[in-house]
2 protein chains.
Amino acid sequence: MTNLDDDIYETAWITLAQGHQAVLDKIENALKSAELPPLGWYDVLLELSRSEGEGVRAFELESRLLLPQYGLSRLLDRIEKSGFLERQVCKSDRRGKLLYITRSGEAIRQKMWPVYQKAIMDIFEKKLSRTEAVKFIQTLSKLRV
Amino acid sequence: MTNLDDDIYETAWITLAQGHQAVLDKIENALKSAELPPLGWYDVLLELSRSEGEGVRAFELESRLLLPQYGLSRLLDRIEKSGFLERQVCKSDRRGKLLYITRSGEAIRQKMWPVYQKAIMDIFEKKLSRTEAVKFIQTLSKLRV
DNA sequence: GACATTTAAATGCATTTGCATGTACATTGC
DNA sequence: GCAATGTACATGCAAATGCATTTAAATGTC
């Protein structure tokens, strides 16, 4: 295999990194402009919101959000300090905590969503056809396996 | 447009973020395991290496590497402290500095490359056909415009 | 049950990042 | 020429991150 051929994959990675960066910047800027919390908060709040009052364990979020244990622990500290979530000792496993979104947490999540969604749409919808997006998802999904 | 249709683009973004994260983690882990500097250093060193002794201005790297001004300034501090680059006052514009890679900088860059490349290949080559990679690049490129 | 091992989460400390501002030089308009 | 404005880069300080370790409880072994 020649260098020229290899380059396709290197280019794919560079383009992936730059594309990601570009989109992420726009999303974060949109949230900041709207004086809303950063994207990471949304991810957490969405997971908690989806649990429908069941309570979520921190270690579950870790794998879902691809965050390191200590990183998540401190992200939760900050979100909790802002009053958007609560930690309660888990009765069935007293080492752990159950995480619950608060009313104000749900409220801020709902404020964030349209801003977040608009930022995504502004980029993706305008530039990719639906068919292209589906193919894009299929290809990208392979990288995670 | 229905929610279901919109979801394609949201999914595209989530998959992009996760795919990027997964690849990045593998690359950074590979470099760390080999006791080599992080990926950001490689990007800088490659740019300097390509300038063929011409010297590069910091503000040029900023846009090429999509880094904030202060972030780049401090990244350069660290790389310089390790002896992998030099900053020299630019004679034609004394506000600025010209950046040069050192011998040891070029050496470390050449050590990093195979580790970096292997990490990319391990993921992309195994999972994407060449044709698929080309299409992937085309699609992603649109997002940056 | 007593002891070693594993797991969940938090935390001290060093490094890195983000934001705002500072410093020095360059450029523009008069 | 020189005051005003703009540009290149650095930096003080606060916040976030990474790494290693700690704390506490669960689980496994005998």
Side-chain angles (χ1 to χ4, degrees), chain A residues 21 24-44 47-48 51 55-82 84-100, chain B residues 21 24-44 47-48 51 55-82 84-100:
Chain A
Q21 183 72 29
L24 182 64
D25 282 357
K26 287 194 188 181
I27 294 172
E28 294 285 17
N29 284 334
L31 290 170
K32 199 165 295 183
S33 299
E35 304 196 295
L36 290 167
L39 185 54
W41 292 37
Y42 183 84
D43 295 335
V44 169
E47 290 292 335
L48 300 190
S51 94
V56 180
R57 292 294 295 274
F59 69 89
E60 300 179 79
L61 292 187
E62 235 172 86
S63 45
R64 288 189 215 160
L65 304 182
L66 300 178
L67 292 173
Q69 183 271 319
Y70 56 81
L72 177 59
S73 179
R74 267 149 174 170
L75 176 57
L76 295 174
D77 285 347
R78 279 172 261 140
I79 302 177
E80 186 181 34
K81 199 170 290 179
S82 296
F84 299 147
L85 66 77
E86 284 175 8
R87 289 194 253 218
Q88 289 181 20
V89 174
C90 175
K91 299 204 168 173
S92 62
D93 181 349
R94 306 183 63 80
R95 292 170 304 181
K97 305 285 169 64
L98 280 168
L99 305 168
Y100 298 92
Chain B
Q21 182 73 29
L24 182 63
D25 282 358
K26 287 193 188 179
I27 294 172
E28 293 286 17
N29 283 335
L31 290 170
K32 198 163 295 182
S33 299
E35 303 196 297
L36 290 167
L39 186 53
W41 292 37
Y42 183 84
D43 295 335
V44 170
E47 290 292 335
L48 300 191
S51 93
V56 180
R57 292 293 294 274
F59 70 88
E60 300 179 78
L61 292 185
E62 235 172 86
S63 45
R64 288 189 214 158
L65 304 182
L66 300 178
L67 291 173
Q69 183 271 320
Y70 56 81
L72 177 58
S73 180
R74 267 151 174 167
L75 177 56
L76 295 175
D77 286 347
R78 278 171 258 140
I79 302 178
E80 186 182 35
K81 199 170 291 179
S82 296
F84 299 147
L85 67 78
E86 283 176 10
R87 288 194 253 219
Q88 290 181 20
V89 173
C90 175
K91 299 204 170 174
S92 62
D93 181 348
R94 306 183 63 80
R95 292 170 303 182
K97 305 286 170 65
L98 280 169
L99 306 167
Y100 299 92

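Computed from heavy atoms alone, side chains included, the values below leave out hydrogens, waters and symmetry copies. A note on names: the letters A, B, ... follow the listed sequences, proteins ahead of strands, and every chain is numbered from 1. Being a predicted model, the structure only gives us computed values, none of them experimental.
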Residue pair A:Leu98, A:Arg57: steps toward the side-chain contact (heavy atoms from CB on, under 4.5 Å) verdict: CA-CA 5 Å; A:Leu98 280 168; A:Arg57 292 294 295 274; 3.8 Å; yes

For DNA chain C, find the residues of residues 73-80 of chain B with a heavy-atom distance under 4.0 Å and give them by number; none if there aren't any.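 Here the set is B:Arg74, B:Arg78.
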
Near DNA chain C, counting only heavy atoms under 4.0 Å, which residues of residues 89-97 of chain A show up?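 Result for residues 89-97 of chain A: A:Arg95, A:Gly96, A:Lys97, sorted by number.
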
Shortest non-hydrogen contact from B:Phe84 to B:Pro37?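 Taking B:Phe84 first and B:Pro37 second, the nearest heavy atoms are CE1-CG, 4.4 Å.
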
Listed pairs under 3.5 Å, donor-acceptor, residues 61-75 of chain B side chains, sequence neighbours left out:
| unit_1 | atom_1 | unit_2 | atom_2 | d |
| --- | --- | --- | --- | --- |
| B:Ser63 | OG | B:Glu60 | O | 3.1 |
| B:Arg64 | NH1 | B:Glu47 | OE1 | 2.5 |
| B:Arg64 | NH2 | B:Glu60 | OE1 | 3.3 |

If the condition is side-chain hydrogen bond (donor to acceptor under 3.5 Å, both in side chains), which residues does A:Asp77 pass it with, not counting sequence neighbours?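 Applying side-chain hydrogen bond (donor to acceptor under 3.5 Å, both in side chains) to A:Asp77 gives A:Arg87.
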
Distance in Å, B:Trp41 CH2 paired with B:Leu36 CG, rounded so as to fall on 0.5 Å steps: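 Output value for this atom pair is 11.0 Å.
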
If each of B:Gln69 and A:Glu60 is mapped to the nucleotide of DNA chain C with the nearest heavy atom, which maps nearer the 5' terminus, i.e. the 5' end?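 This one resolves to A:Glu60.
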
Go nucleotide by nucleotide along DNA chain D from the 5' end; which of B:Tyr70 and A:Trp41 gets its closest nucleotide reached first?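 Result: B:Tyr70.
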
I need the single residue from A:Lys97, A:Lys91, A:Arg95 that forms a salt bridge (charged side-chain N to carboxylate O under 4.0 Å, His left out) with A:Asp93. Which is it?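 Running salt bridge (charged side-chain N to carboxylate O under 4.0 Å, His left out) over A:Lys97, A:Lys91, A:Arg95 with A:Asp93 returns exactly one hit, A:Arg95.
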
Just how far, in rounded Å, is P of C:dG18 from CD of B:Glu62?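 My rounded result for the distance is 13 Å.
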
Identify the 5'-most and 3'-most nucleotides of DNA chain D with at least one atom closer than 4.0 Å to a non-hydrogen atom of chain A.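 Contacts span D:dA16 to D:dA26, reading 5' to 3'.
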
So, using side chain to side chain contact (heavy atoms under 4.5 Å, CB included) as the criterion, who are the partners of B:Glu28 when residues are at least two apart?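 Side chain to side chain contact (heavy atoms under 4.5 Å, CB included) check on B:Glu28 returns B:Leu24, B:Leu31, B:Pro38, B:Leu39.
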
